[in-house]
Number of protein chains: 2
Amino acid sequence: MAAELSLPAEEAADGGSQQIRDALREAIVERRLAPGTKLSEADVGKLFKVSRTLVRGALQALSYEGLVKVERNRGAFVAYPSPEEAREIFAARRQIEPGIVTAAARNAAPSDIVRLRHLLAEEQRLTGQRGRDARRAEIKASGDFHLTLAAIAGNSIMERFMDELVARSSLVIALYGQSTASSCGHREHEEIAAALETGDAEKACRLMLHHIDHIETDLDLRPKNGIDLREALAI
Amino acid sequence: MAAELSLPAEEAADGGSQQIRDALREAIVERRLAPGTKLSEADVGKLFKVSRTLVRGALQALSYEGLVKVERNRGAFVAYPSPEEAREIFAARRQIEPGIVTAAARNAAPSDIVRLRHLLAEEQRLTGQRGRDARRAEIKASGDFHLTLAAIAGNSIMERFMDELVARSSLVIALYGQSTASSCGHREHEEIAAALETGDAEKACRLMLHHIDHIETDLDLRPKNGIDLREALAI
DNA sequence: CGTGCAAATATTGTATACAATAGCCTGCAA
DNA sequence: TTGCAGGCTATTGTATACAATATTTGCACG
């Protein structure tokens with residue numbers, strides 16, 4: 001019933017709850033777990049061979065970043081963002097990302113540019129491939145571009161905000177994206193990186209805003225009513 | 001040992017953990033709980049007459065918004081933001097709040113302006129009073145001004161981000177604020193509200209940035225070494 | 001055949017019990 | 001007196017047990 005969830009067995013210094021959180025998060029962001037999927041505490045616990053206590057902690061954590069919706073006495077579900085939420089997510093990105101790229105343009109060291117270039121190359125490579133796994137990896141790489149920008153910008157708080165927004169965007173695209181093409185225009189990422197390389201913050205900013213617009217334009221934020229039905233039964 | 005924590009007994013629809021979280025949050029933001037204070041699970045549990053389970057949930061939640069620091073096998077402490085963190089918090093606010101006021105200027109209905117005016121009046125009233133309680137209430141009112149702006153802006157995600165930033169700012173001011181005067185220049189809030197009332201988004205934006213600058217200028221972000229010492233022993 | 005109630009089942013909410021780790025205190029030796 | 005060693009206590013980490021709440025199933029009745 002539950003999708004396959006690899007447990008990487010990589011132990012961090014923090015509690016085992018963190019590992020569950022990370023595994024679930026990755027599965028959600030990479031869209032292996034569909035929005036609306038129920039995450040039963042007992043089931044997840046059995047998968048990871050831990051008690052419900054730890055699972056609860058992980059689910060609660062994920063609910064704080066909006067990836068999981070917990071309903072009292074009903075359980076946890078992979079978030080199923082409404083069109084309204086989707087709009088808010090992208091509105092938030094439009095408010096936040098210009099500041100990020102501006103700061104990134106100011107801070108970027110040559111090594112940062114290299115890092116970005118590597119990401120873009122990887123993304124490019126994956127674009128050429130076929131198959132579900134390649135698509136997943138591409139989704140991840142595409143998100144990582146934005147997250148790397150946030151890291152370069154050098155404000156860990158903003159970075160965390162972006163983390164949440166990118167993850168939730170992935171859910172939204174999974175639900176409302178219509179173009180068969182990749183999640184994000186890869187070409188636009190390249191242009192942004194180029195602007196950053198030349199230190200042209202203003203241009204990078206503008207490109208980023210266009211980029212976000214393009215992503216959102218590709219969404220079909222419904223009149224669909226099939227969604228509501230499904231939401232009613234799944235959530 | 002622990003400061004007095006009122007439990008308002010107001011039951012929300014959500015779990016009892018939420019009430020503990022809210023009570024602790026309020027105590028931290030209003031500076032009744034000093035940064036660095038240890039929050040023992042057993043002690044807090046006894047205060048609220050609940051098991052450690054719920055307390056843990058609350059503490060974990062607070063750690064997600066940066067108000068509490070949880071160290072593995074050591075326990076939870078009221079966050080003790082470093083000067084570096086303080087700078088990041090205000091940098092984030094400078095990146096976020098202009099967008100908020102711009103959106104607020106666009107969205108503000110007359111009733112919103114009324115709400116802001118009420119807040120300002122309350123703030124004004126409290127400024128005139130003396131005593132710790134008045135000071136606490138003033139801190140809260142000052143923060144509420146910024147939060148209300150975020151609410152008016154109409155993006156619940158940005159609102160949550162601001163929630164976190166305002167709360168953490170309160171901690172920073174508690175630690176590094178030096179002016180005996182109130183936390184925030186009250187006068188500046190009034191000017192921002194006035195700009196909003198006339199729909200002058202550009203002006204409101206500019207005033208907000210100045211306002212944030214003023215708050216940060218009032219901080220003494222150390223060469224102090226007493227802080228490090230205290231941090232070493234308390235955290 | 002459909003509807004509504006009721007017991008049964010399953011799942012979550014909370015508390016408690018047990019395990020593991022950290023910090024402290026005592027006592028001994030140099 | 002100082003420094004270290006060892007166990008001792010206190011606190012957190014995790015698992016389990018019990019309680020409360022939803023959901024489902026089955027049956028009776030219209």
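Per chain, numbering begins at 1; letters A, B, ... match sequence-line order.
Atom CZ in A:Arg52 sits roughly 12 Å away from atom P in D:dT16 (whole-Å rounding). The separation between A:Leu39 atom CG and C:dT12 atom P is 10 Å, rounded to whole Å. In this structure, CD of B:Glu71 is placed 14 Å from C1' of D:dT11, rounded to the nearest angstrom. Atom-to-atom, CD1 of A:Ile20 to P of D:dG13 comes out at 15 Å; the value is rounded to the nearest Å. The interatomic distance linking A:Arg21 (CZ) with D:dT14 (C1') rounds to 19 Å, in whole Å. Taking atom CD of A:Glu41 as the reference point, atom C1' of D:dC18 lies 15 Å away to the nearest angstrom. D:dT14 atom P lies 10 Å from atom CD of B:Gln60, rounded to whole Å. Here the C1' atom of nucleotide C:dT11 and the NZ atom of A:Lys46 are 12 Å apart, to the nearest Å.
B:Phe145 is linked by a ring pair (Phe, Tyr, Trp, His ring centres under 6.0 Å) to B:His189, counting only residues two or more places apart in sequence or in another chain.
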Task: Test log, rule side-chain hydrogen bond (donor to acceptor under 3.5 Å, both in side chains), inputs A:Thr148 and A:Arg115 - done: CA-CA 8 Å; A:Thr148 303; A:Arg115 188 152 48 122; 4.9 Å; no

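Regarding contacts with the backbone of D:dT23, a side-chain N or O of A:Arg74 is found under 4.0 angstrom from either OP1 or OP2. For A:Arg56, a side-chain nitrogen or oxygen approaches OP1 or OP2 of C:dG13 to under 4.0 Å. The side chain of B:Lys38 places no N or O atom within less than 4.0 Å of a non-bridging phosphate oxygen (OP1 or OP2) of C:dG23.
Formation of a donor-acceptor pair under 3.5 Å by the B:Asp112 side chain with backbone atoms of B:Ala109 is found in this model.
Residue-to-nucleotide proximity on DNA chain D shows that, of B:Ala76 and A:Thr53, the 5′-proximal contact is made by B:Ala76.
You'll find that the side chain of A:Ser51 is closest to D:dT16, out of D:dG13, C:dT16, D:dT16. Checked against C:dG23, D:dG13, C:dG13, the side chain of A:Arg72 finds its nearest nucleotide in C:dG13. When distances run from any side-chain atom of A:Leu54 to the nucleotides D:dT12, C:dA15, D:dA15, the shortest one goes to D:dA15. Taking only side-chain atoms of B:Asn73, from C-beta outward, the nucleotide of C:dT21, D:dA22, D:dA15 with the closest atom is C:dT21.
Screening B:Lys140, B:Arg132, B:Arg135 for a side-chain contact (heavy atoms from CB on, under 4.5 Å) with B:Glu30, the sole residue that qualifies is B:Lys140.
A donor atom on one side chain and an acceptor atom on the other are not found under 3.5 Å apart for A:Arg56 and A:Gln60.
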